[in-house]
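To start, the structure under review is shown below, and the notes come after it.
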Amino acid sequence: MSRSGRRWRRAALWLAALGLTATACGSSNPLGGVSTNVNSIVVGSAGFPESQVLAEIYAQALQANGFNVGRQMGIGSRETYIPALKDHSIDLVPEYIGNLLSYFEPTSTVTMLDDVELELFQRLPGDLSILVPSPACNTDSVTVTADTAAKWNLKTIGDLAAHSPDVRFAAPSDFQVRPEGLKGLRQRYGLDIAPGNFVSISDDGGAVTVRTLTQGKVNAANVFSTSPAIRQNHLVALDDPAHNFPAGNIVPLVNSQKKSDRLKDVLDAVSAKLTSSALADLNASVAGNSGIDPDQAARNWLHDNGFDHPVKG
């Protein structure tokens, strides 16, 4: 899509969102005591470090722009924090656009960012809104060691398909049935993993998965693309040109009653500066026993990118 076409489409999406926001303004808080002060924001996060760093980046940026910011970090899964957003326990949380769409529409098959964003606008309840997605993206990947990539001359997932009989693949057990899992890899790339070559490890591409890969017990694994383990272990996340895995761009999810123009200006500016590489660096900075706290990692990034002072409107 051309740049002008993307601008037109985004404008249309925001007009639709404004309509949803206007409808949502009459909703009531089942817990009572809704704060109508759009300059008072409670920022939440999921229960893993990347979400906490992103939440701190957004929280501290808002504070630098005069917002009164509270925090509820480490809330847990979407099943917990989405209801918290809706009942005004929190007002904003960093999200991943493809996974957010899957939460509201589990049968969705779109994977490219523009398509995911459009369908998400259609599926979001009126009391929730998203801002502009960031270029920073964390999504599933098919990851191999540098030695395997060199030996088989691998750059994309499709390059791995010719070696299907020899591929032992580690991933969570649900990867066997997810549309973008083994089924998607087979349909989009011809990468056909035999049942006996699938190794189920339910740590979401974490330490056990990475150790199994680096020790040669498997030669490919499902690892999140911004995992610090990829750099630390000189791994290679293969390119996904057919967009098998849904877009994982970072996007602020906000209660519609708190989506002011000023909040949008500030967070859109911050999101636009975030990159996937920066996200991987931030994850590396908080990892392990020598890692710094998420709030300090966020503070460093905001300072380095000029967001420790007010954003010009």
| Would Leu274 and Trp301 count as a side chain to side chain contact (heavy atoms under 4.5 Å, CB included) if you check the C-alpha gap in whole Å, the side-chain angles of each, and the deciding distance to 0.1 Å? | CA-CA 9 Å; Leu274 278 168; Trp301 184 88; 3.7 Å; yes
Close side-chain approach of [X] and [Y], heavy atoms under 4.5 Å:
X: Thr214; Y: Leu235; value: yes
X: Arg178; Y: Asp140; value: yes
X: Leu101; Y: Val110; value: yes
X: Val311; Y: Arg262; value: yes
X: Val254; Y: Leu267; value: no
X: Phe307; Y: Ile57; value: no

Is there a path from [X] to [Y] through hydrophobic residues (I, L, V, M, F, W, Y) whose side chains come within less than 4.5 Å of each other?
X: Phe245; Y: Tyr96; result: no
X: Val286; Y: Ile230; result: no
X: Tyr58; Y: Met73; result: no
X: Phe48; Y: Phe224; result: no
X: Leu213; Y: Ile193; result: no

Does either side chain, that of [X] or that of [Y], offer a donor lying less than 3.5 Å from an acceptor on the other one?
X: Thr226; Y: Glu50; result: yes
X: Ser256; Y: Ser129; result: yes
X: Thr145; Y: Asp147; result: no

When you measure from the side chain of [X] to the backbone N and O of [Y], does any donor-acceptor pair fall under 3.5 Å?
X: Thr111; Y: Asn244; result: no
X: Gln176; Y: Ser173; result: yes
X: Asn222; Y: Phe175; result: no
X: Asn255; Y: Gln257; result: yes
X: Thr275; Y: Pro135; result: no
X: Asp159; Y: Thr156; result: yes
X: Ser134; Y: Ser271; result: yes
X: Ser141; Y: Val223; result: yes
X: Gln72; Y: Ser89; result: yes
X: Tyr189; Y: Leu160; result: no

Spacing of [X] atom [atom1] and [Y] atom [atom2] [to the nearest 0.5 Å]:
X: Leu253; Y: Lys259; atom1: CG; atom2: NZ; answer: 11.0 Å
X: Leu263; Y: Asn39; atom1: CG; atom2: CG; answer: 9.0 Å
X: Leu120; Y: Tyr103; atom1: CG; atom2: OH; answer: 12.5 Å
X: Asn249; Y: Leu100; atom1: CG; atom2: CG; answer: 12.0 Å
X: Ser276; Y: Ile250; atom1: OG; atom2: CD1; answer: 8.0 Å
X: Gln122; Y: Glu117; atom1: CD; atom2: CD; answer: 11.0 Å

Can you name the closest pair of heavy atoms from [X] and [Y] and give their distance?
X: Gln52; Y: Ser45; value: CG-OG, 3.2 Å
X: Arg168; Y: Val199; value: NH2-CG2, 3.3 Å
X: Lys258; Y: Val38; value: CD-CA, 3.9 Å
X: Asn283; Y: Pro228; value: CB-CD, 3.8 Å
X: Asn219; Y: Val167; value: OD1-CA, 3.3 Å
X: Ala146; Y: His234; value: CB-O, 3.3 Å

| said: Tell me whether Asp261 at atom CG has more than 12 heavy atoms from other residues, nucleotides or ligands lying less than 6.0 Å away. | reply: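 Open.
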Can you list, pair by pair, the side-chain donor-acceptor contacts under 3.5 Å of residues 76-83, counting residues two or more places apart and other chains?
from, atom 1, to, atom 2, distance (Å)
Ser77, OG, Glu79, N, 3.4
Ser77, OG, Glu79, OE1, 3.0
Arg78, NE, Glu95, OE1, 3.3
Arg78, NE, Glu95, OE2, 2.8
Arg78, NH2, Glu95, OE1, 2.9
Tyr81, OH, Glu95, OE2, 2.5

| field | side chain to side chain donor-acceptor pair (under 3.5 Å), paired with Glu56, selected from Arg299, Gln296, Arg71 | value |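 When side chain to side chain donor-acceptor pair (under 3.5 Å) is applied between Glu56 and each of Arg299, Gln296, Arg71, only Arg71 qualifies.
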| Residue among Thr209, Val210, Val208 satisfying side chain to side chain contact (heavy atoms under 4.5 Å, CB included) with Thr212 |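 Only match with Thr212 under side chain to side chain contact (heavy atoms under 4.5 Å, CB included): Val208.
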| request: Flag the pair Asp203 and Arg211 as a salt bridge only when some basic side-chain nitrogen lies within less than 4.0 angstrom of an acidic carboxylate oxygen. | output: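 Salt bridge absent between Asp203 and Arg211.
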| request: Start with the C-alpha distance between Leu54 and Leu282, add both sets of side-chain angles, then the distance that settles side chain to side chain contact (heavy atoms under 4.5 Å, CB included), and finish with yes or no. | output: CA-CA 9 Å; Leu54 288 165; Leu282 286 164; 5.7 Å; no
| said: Please enumerate all residues that pass side chain to side chain donor-acceptor pair (under 3.5 Å) together with Ser277, with sequence neighbours excluded. | reply: Arg231
| Partners of Gln232 by side chain to side chain donor-acceptor pair (under 3.5 Å), sequence neighbours excluded? |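 So Gln232 forms no side chain to side chain donor-acceptor pair (under 3.5 Å) with any residue.
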| Going through the distances and angles, do Leu154 and Val236 end up as a side chain to side chain contact (heavy atoms under 4.5 Å, CB included)? | CA-CA 9 Å; Leu154 305 176; Val236 177; over 6 Å; no
